[in-house]
Structure formats: C-alpha cells, structure tokens
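Worksheet: one structure, shown below.
Below, chain A is the first sequence line, B the second, and so on; all start at residue 1.
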Amino acid sequence: MNSSVKAVSDKLSAAPGGINWFKYASPQTFYPLAGRLIPLFAWPALLLFAVGLYVSFFVAPTDATQGDSYRIIFIHVPAAWMSMIIYLAMAFWCALGMIFNTRLSFMMSQALAPTGAIWTFLALWTGALWGKPTWGAWWVWDARLTSELILLFLYLGYMALVAAMDDPRRADRAGAVVAIVGAINVPIIYFSVKWWNTLHQGASVSMTSAPKMASIMLMGMLIMALAAWAYSIAVVLVRVRAIMLERERNTDWVAQMLENRP
Amino acid sequence: MLNILLAVIRRDLLLAWRRRTDVFTTLVFFVIVASLFPLGVGPEANLLRTMAPGVLWVSALLATLLSVTRLFAADYADGTLEQMLLSTEPLPLIVLGKVSAYWLVTGLPLVLLAPLLGVQFDLPQGAIGVLSLSLALGTPALSLLGGIGAALTLGLRGGGVLLALLILPLYVPILIFGAGAVGADAAGLGAGAHLLLLGASFLSALAISPWATAAALRIAME
C-alpha cells in the first residue's frame, strides 16, 4: 500500500510543467511562506473584529423578545462554528500526514488543536452566559450543549496524548489515530445525544424556535465569523511556525536562518 | 485465518485462567461501584429504579476502562507483542482474537452478573432482561473501542488517566443507547430502537477498531 502511495506522490511532484503540490510540505519552504501569510490574516482579523463588534453593539437593534442578551450570538455562533470546523481540519491534516507521511501535516494538526479547544470552551462559556437570562439556567442538557462538551473532551484527549509522548514521531501518529477515530465518532455522538434528549424528555428548549433574524444581525454575525476565521488562521500559522522551529532546531535550515538574521 | 484467531483466543483464555484473581477484581469493582450509588443518594426505591440503568451502565463502563489497560500490557512487557507484530498473520485478526478473549473474560461476567444488581436496584423483570441484552450487545463494543485506547497509551506514563480521557468520549453513544434501552422499556416505549442502534454501534466498532488498534500498536512499537 505504501509503495502505491509513494508512486502517486512521485507522479504528483514530478508532473512536467504542473504545480509541485509538495513544495510547501517541507517546513523549510513553508516557514517563510507562513511568515508572509500571517499579516495577511492578522490585520483583516483585527479590522473585521472592530467592524463586527461595532455592528453587534451599536448598529444591531435590541431584540424584541430576548432584549440585549441575544447579542452574545455575535461571538457564540462563530465560536461554535470554528470549534467544529477546526476539529475537521485537524482530522484532515492527520489523515494527510498518515497518507503522505509529511511531518508538516502533523505539525499543522497540533497547531490547530489549542485554537479549536479555546473556541469550544468559548462557545460553551458564552452559551452559559446566554442561557441564564434566556432559559433561566446556566446549563441545560440540550443536545447541542452536550455534544459541544464532548467535543471539548475530544480536543483535550488529543492534546493530552500528544503531550504525553516524548518521541515526536510516535506522538504525531498516535494523535492522528485519535483525531481520525474521533472525527468518525463526532456525527455518531451528535445524533446519539440528540436522540437521547428527545427520547427522554422532549426538547424543552430549542434554538430553532427563535424568531427569524433581522438582516443586520445576520450581517454582524457573518462579519464576526469571518473575523474568527482570519484570527484562527493567523494564530495557527504563528503556532505552527513555533512548532517547526522547536522540532527542527537541529537542522541546517534553522541554523542558516538564525545566522542570516541581523 | 480462523486458526490464528482461535489460537490467540485460546492462549489468552488460558493465561487468564492461570491468573484468575485479575478477572475477579474487575467483577468486584463493578459490584462495589454499583453498590456505592444507593449509599450516596439514599435508599429510596423509586429513585433507585430510575437510576439503575444509568448506574449499572456507567459502572460497567468504568470496569472496562480499568481493566482494558491490561489488554496488551503483559504481552508488551515480555516481548510477545513484538512477535505478534512480526508474524505473517494479519495483525487486525490477532487483535480481534485478543479483544474477543478479553471480552469473554471481563465483559461476559459483567453481563451475567448485571441481573443480580438489577434486582438490588428493584428493576422490574422485563427491564432486567433488556439490561442484560443491552450489556451483551454493548460490552463487546466497549472492549473493541477500549482496545484502540489501550494500544495508543501502551507504555506511557500516566497511561490509565490518559486512556480515560481518550476513550470515555467515544463511549458516550454506547452509554446512551445502552442505558436508554432499559429506560425506554421501563417507560413502556419498547427498547427495540435503542437495541438496534446499540447493535449498529457494536458492528461499526467491530468493522473499524481492529484496524485502528493494529495501526496504533505498530505506532507504539516503532
């Protein structure tokens, strides 16, 4: 199996006149590229956050039924989106790393994990802050809340496993197995929790029954979501650069880069 | 193909038979944990009856978690595992054999003992039958998923706690369907849907986890 994968990757990298898909798969070439990309995401993130927060606090009107407490969705919804997308991205990089045996893929996945965990935590925290005035409880065993909590556990498990191994090669691959098995399980967990809730007591609260959103509110939320994307990409690139330097500290390219530094 | 599976099962069962106390500790742990709950929440029969499926299922889950660390540990320590990895027989099949033997030694006794604990919790007769059935379908899935975690944490410091962190989130669907089956039966809804989902979880675990465990073992022994 490995030889056929190798053949495919050789073909991809040796395609005459084609793009070399693997050029940036090496830390040596990706490090400067990531450095150039960071400001391209960091500055838009700052700008979008500023605009998004302005829209959500001053432009968007007060909600007729929920009052001002609804404004938490401007951070809550993007956080929840990011928490799920980043887990998928993590599993994607892990799968890529297992298939093509590229070091950088695993580094990307490890750089993504803390950001994903923070977003998950933030989604839970802001959800609790919103739930108290709206539902009258900090925590409800609602399907979404529960599956988000389990997602947080999956992130923590991945990070704990990677941190527990001293040999980075083993940590990479073992972490990848966990991330991929977890990704297969995420939909199963989500539906099981959903059915558990509906079969037991019936949904006492539902987010879908909320009145349709005004377009300016939706706009604010989308701006914040874009900001969250840009922020996540920038932060992950910064972190992956740090991981690259740490892992490759004994290689020539790091030594050369440090030498050329003024 | 079948020979190697049976050979591994026979070997592991023989080893377990030579060290009988290990089997009993898991079983006693299960009984003790389940017995602690009434002491904690009070002896009210109605409350205990509603809690019973969840309590027994969580106890079974913790008992599995506690014992599954031993699945590969002894073979890892004495070098047998290395020979298994070098063998020309497919590793997922060997893993399947080991997990099957492990379930026969730890899972099956739990299934057989559960009705007794169900009586302790004053479960009605029909619910006890469903409880046994749900455990019979669910514990193999617990063993299979536990195998992945055991292989991943092989030889790590603090492996036990790490194993819990890795595997417990994956156990959530099985716990929900398993305890839900008993709860639904007690509520008069019929346990069919839950049991079918539990069977589906078992089959998908059977399809995926021997390969994932084999991959994890190769990573651990690299």
Side-chain angles (χ1 to χ4, degrees), chain A residues 1-2 87 94-95 97-99 101 106 120 141 143 146-202, chain B residues 50 53-54 141 144-145 147-149 151-181 183-184 186-187 189-191 193-194 197-198 200-201 204-205 207-209 211-222:
Chain A
M1 196 180 84
N2 282 332
Y87 195 86
C94 282
M98 289 295 255
I99 295 166
N101 204 8
F106 297 115
T120 316
W141 289 97
T146 314
S147 42
E148 191 76 7
L149 183 68
I150 293 163
L151 186 65
L152 181 64
F153 294 156
L154 287 176
Y155 274 119
L156 294 180
Y158 172 84
M159 289 196 289
L161 183 72
V162 170
M165 294 181 178
D166 296 325
D167 172 20
R169 295 296 292 161
R170 186 181 170 190
D172 282 350
R173 300 174 155 269
V177 172
V178 170
I180 294 168
V181 170
I184 297 170
N185 253 280
V186 163
I188 303 176
I189 292 173
Y190 177 73
F191 282 109
S192 70
V193 172
K194 198 170 168 176
W195 291 329
W196 159 68
N197 192 295
T198 46
L199 284 176
H200 258 240
Q201 56 195 31
Chain B
T50 17
L144 283 163
L145 288 174
I148 304 179
L152 282 172
T153 54
L154 206 57
L156 289 183
R157 54 195 137 78
V161 183
L162 198 58
L163 181 71
L165 198 57
L166 289 179
I167 290 303
L168 285 180
L170 304 182
Y171 279 175
V172 167
I174 297 166
L175 171 68
I176 288 174
F177 298 143
L189 290 171
H194 283 95
L197 284 167
L198 201 58
S201 310
S204 37
I208 295 169
S209 70
W211 276 266
T213 310
L217 282 177
R218 289 203 190 281
I219 292 162
M221 302 295 287
E222 229 167 41

**Request:** Please tell me if the side chains of A:Met165 and B:Leu162 come closer than 4.5 Å, counting only heavy atoms from C-beta onward.
**Result:** no
**Asked** Pick from B:Ile167, B:Leu165, B:Leu166: which one makes a side-chain contact (heavy atoms from CB on, under 4.5 Å) with A:Val178?
**Response** B:Leu166
**Request:** Identify which part of B:Leu154 has an atom lying under 4.5 Å from any heavy atom of chain A, answering side chain, backbone, both or neither.
**Result:** both
**Request:** Counting only heavy atoms closer than 4.5 Å, note whether B:Ile176 contacts chain A via side chain, backbone, both or neither.
**Result:** side chain
Out of [options], return the one with the most heavy atom pairs under 4.5 angstrom to chain A.
options                                : result
B:Val161, B:Leu156, B:Leu145, B:Val172 : B:Leu156
B:Leu197, B:Ile148, B:Leu152, B:Leu175 : B:Leu152
B:Ala164, B:Ala212, B:Ala220           : B:Ala220

**Request:** Could you pull out the closest heavy-atom pair between A:Leu154 and B:Pro169, with the gap in Å?
**Result:** CD2-CB, 3.7 Å
Highest number of heavy-atom pairs under 4.5 Å with chain B: which of [options]?
options                      : result
A:Leu156, A:Leu161, A:Asp166 : A:Leu161
A:Arg170, A:Arg173, A:Arg169 : A:Arg170
A:Asn185, A:Val186, A:Asp172 : A:Asn185

**Item:** Proximity breakdown for A:Ile184 and chain B, heavy-atom pairs closer than 4.5 Å
**Value:** side chain
